[in-house]
Amino acid sequence: MKKPTVIQFPINNICNSRCQMCDIWKQEKGHEISPSELRKIISDPVFSAVKSVGMNGGEPTLREDLSELANELCNGLPSLRQISLITNGLKPKLVTQRVAELYAVTKSAGVKLDIMLSLDGIHDVHDRVRGRRGNFVAVEECLSYFRLNNIGDSHRLGCTLISENI
């Protein structure tokens, strides 16, 4: 039996953006897997070959226990080499704090952290796509902070193409 090597892990279904291309922000908060539930699930041998986990949402930095979830992944997946996090960067103080905590966990475990910030255009184009004034500047602030403070092993920008930004 072939085992999965990559997991996409939506850790929540809530978001603080109001994106044109997504309506997750309209949803009510659902059940969020707890660190102990995650530990039990990934203890199944079917996950023993997982090398990479994508942590996404919603907006994953809204989880207070983000680093605890990462700790469970790092300790429970013996083949894990990388965690990729996608964030909208909307609240720089919160995002940089949570990502720094996450990076401390991954670095300690010898697991690489790839940070992707959503950026769907320049200046007001991004703000319109994301439905939040000031989001472009917030993304710039987060990226600058991560680079200046050596937070994360790689940094990327992700763009969703829609008619607003083409």
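As a basis for the values below, the full set of heavy atoms in this structure was taken, side chains included, without hydrogen atoms, waters or symmetry mates.
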Is the closest side-chain donor-acceptor distance between [X] and [Y] under 3.5 Å?
X      : Y      : answer
Ser48  : Lys3   : yes
His126 : Glu140 : no
Ser118 : Asn88  : no

Any donor and acceptor pair, going by atom type alone, linking the side chain of [X] with main-chain N or O of [Y] inside 3.5 Å?
X      : Y      : answer
Ser108 : Val105 : no
Asn165 : Thr160 : yes
Arg132 : Leu90  : no
Thr106 : Tyr103 : yes
Asp44  : Val46  : yes
Asp153 : Asp114 : no

Contact check, side chains of [X] and [Y], non-hydrogen atoms, under 4.5 Å:
X      : Y     : result
Val129 : Met21 : yes
Leu94  : Leu62 : yes
Phe146 : Val95 : yes

If you take all heavy atoms of [X] and [Y], which pair is closest and at what distance?
X     : Y     : value
Cys74 : Ile83 : SG-CD1, 4.2 Å
Phe47 : Ile42 : CD1-CA, 3.7 Å
Glu72 : Pro35 : CG-O, 3.5 Å

When Val50 is tested against each of Ile7, Thr5, Leu73 for side-chain contact (heavy atoms from CB on, under 4.5 Å), which residue passes?
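Of Ile7, Thr5, Leu73, side-chain contact (heavy atoms from CB on, under 4.5 Å) with Val50 is met by Ile7 alone.
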
For His123 and Phe136, take the angle between the two ring planes, folded into 0 to 90°, and tell me which bin it lands in: parallel under 30, tilted 30 to 60, perpendicular over 60.
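Rings of His123 and Phe136: tilted, 30 to 60°.
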
